[in-house]
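Below, chain A is the first sequence line, B the second, and so on; all start at residue 1.
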Protein chains: 2
Amino acid sequence: MSDSDARIQRFAEFLARSGLKTTRQRDRIVRAFFAAGRHVSAEELYHRLQTEDRGIGLVTVYRTLKLLREAGLATGRQFGDTYTRFDPNPADRPHDHLICTRCGKIQEFEDASLHAVREKAARSLGFTVTEHKLELYGFCRECTRLAGGRPVRSGKAARPV
Amino acid sequence: MSDSDARIQRFAEFLARSGLKTTRQRDRIVRAFFAAGRHVSAEELYHRLQTEDRGIGLVTVYRTLKLLREAGLATGRQFGDTYTRFDPNPADRPHDHLICTRCGKIQEFEDASLHAVREKAARSLGFTVTEHKLELYGFCRECTRLAGGRPVRSGKAARPV
DNA sequence: TCCTCATTGAAAATGAATGTCAATTTCTTT
DNA sequence: AAAGAAATTGACATTCATTTTCAATGAGGA
Ligand SMILES: [Zn+2]
Ligand SMILES: [Zn+2]
Ligand SMILES: [Zn+2]
Ligand SMILES: [Zn+2]
């Protein structure tokens, strides 16, 4: 069973457990979501789906992504731009992001020492921390080389607000 | 000269340097901004201002906050909610945030060891990192005690998307 | 098959933020 | 002080992502 299949199965179980129904649309949407790369927006997913099934509305894509979040199978993220991007299954493999503010590239990374930072801050302030989000903004390798580190903002690149 | 005064002065210099004008509205808005606590939204600031000066439009509050960002005196932040909150003068004292998902409290903290995390990720992936954002989500001291760590979501509390 | 209730999608609504524009204000130049 | 160019203002309209509404359709248990 592929990684995707396991997730699709977990979603089916979530639906059953919650008294919700399996539909053609939900099936297509979750498949497309897990097949797509990471960090897709609802709109992007919607467009991909149009090629294989015209009868899927953007609204349903939004609704299904919300269900995926509730099922713990996806997380929404706001990098510099105006819309939400969705990351599959982050609980299994927590990770953070490097975002190039010039070309918009998003690179994932993982750092175990973050846990120490989390715990230290939490302990000193009495918080119980369950989740975190770390975003590093700057230039990717290519953009550092091309721009010499100078901020050249293309319209579509994310920017740290 | 108070801390606020110094910032107000810097804003005046920014305006002059950029060929922009000093107005009653801008003056009121920046004063209210630095007087207000951290993490206010444009709307919140607008409402505070209404009590002292009815003739200030929400649009002008938005525009002035944008100027404050351009002047390097404020930063916009999106915590779990749908609108932007503004943080005064973050460049001088970089800091990150702990956000209680139950009551919405936002607590600031600073951790020097984050720099190492930043550099490590950047070096290994060829990025040049200029900025970062770390948000820790969980329960504050009171909410941990009251809720026993159970997620009780009030409508207004921020939530990690 | 029937029947109930969830689901769907089109259209409308929302809500934050920005663009438009005529009237007003600032500030430099006489 | 008066004038004039240019910036600023705020009411209004607009954008854009996301949510809500609602009548028609579909799923799945009895
Ligand atoms: Zn990711
Ligand atoms: Zn790049
Ligand atoms: Zn802050
Ligand atoms: Zn709390």
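DNA chain D is contacted by B:L20, B:K21, B:T23, B:Q25 of residues 17-25 of chain B, taking any non-hydrogen atom closer than 4.0 Å. DNA chain C is contacted by no residue of residues 41-55 of chain B, taking any non-hydrogen atom closer than 4.0 Å.
Distances shown here put a side-chain N or O of A:T84 below 4.0 Å from the OP1 or OP2 atom of D:dT18. Taking only side-chain nitrogens and oxygens, A:Y83 never comes nearer than 4.0 Å to OP1 or OP2 of D:dA17. Here B:Y62 does not reach the OP1 or OP2 of C:dT18: none of its side-chain N or O atoms lies under 4.0 Å away. Residue A:T60 places no side-chain N or O under 4.0 Å from the OP1 or OP2 atom of C:dT7.
Taking A:A36 as the reference, A:V40, A:L45, A:R48 meet the side chain to side chain contact (heavy atoms under 4.5 Å, CB included) condition, with sequence neighbours excluded. B:H132 meets the ring pair (Phe, Tyr, Trp, His ring centres under 6.0 Å) test with no other residue; sequence neighbours excluded. The side chain to side chain contact (heavy atoms under 4.5 Å, CB included) test applied to A:R17 returns A:E13, A:F14, not counting sequence neighbours.
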Inset, instruction - Sugar-phosphate atoms are those with a prime plus P, OP1 and OP2; base atoms are the rest. Using that split, label each nucleotide of nucleotides 20-25 of chain D B, S or - for protein heavy atoms under 4.0 Å, 5' to 3'. - result: BB----

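Between A:H39 and A:F79, the two ring planes are perpendicular [angle over 60°; tilted spans 30° to 60°].
At whole-Å resolution of the value, CG in A:D81 and P in D:dT18 are 10 Å apart. One can place CG of B:L58 at 14 Å from P of C:dG15, the figure rounded to the nearest angstrom. One can place CZ of A:F14 at 14 Å from C1' of C:dA6, the figure rounded to the nearest angstrom. Straight-line distance from the CG atom of A:L68 to the C1' atom of D:dT18: 17 Å, rounded to whole Å. Following rounding to the nearest Å, A:L15 (CG) and C:dT8 (P) show an atom-to-atom distance of 10 Å. Taking atom CZ of B:F86 as the reference point, atom P of C:dA16 lies 12 Å away to the nearest angstrom. To the nearest angstrom, C1' of C:dT18 lies 14 Å from CG of B:L67.
Side chains of B:R28 and B:Q25 form no contact here, defined as non-hydrogen atoms less than 4.5 Å apart. In this structure the side chain of A:F109 reaches within 4.5 angstrom of the side chain of A:L136, judged on heavy atoms. Inter-residue side-chain proximity for B:T101 and B:F139 is flagged as met; some heavy-atom pair is nearer than 4.5 Å. Put simply, the side chain of B:D111 does not reach to within 4.5 Å of the side chain of B:D96, judged on heavy atoms. Looking at heavy atoms from C-beta onward, A:I56 lies out of side-chain contact with A:E52 at the 4.5 angstrom threshold.
Nearest nucleotide to the side chain of A:I56, out of D:dT18, C:dA17, C:dG9: C:dG9. Distance from the side chain of A:R26 is smallest to C:dT8 among C:dT8, D:dT18, C:dA17.
Between the CD1 atom of A:I99 and the CD atom of B:E131 there is a distance of 10.5 Å, given to the nearest 0.5 Å. In this structure, NE2 on B:H95 lies 3.0 Å from CD on B:E108, to the nearest 0.5 angstrom.
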Inset, instruction - Go through the steps for B:E135 and B:R77 under the test salt bridge (charged side-chain N to carboxylate O under 4.0 Å, His left out), then give the verdict. - result: CA-CA 10 Å; B:E135 288 149 32; B:R77 307 207 176 252; 5.7 Å; no

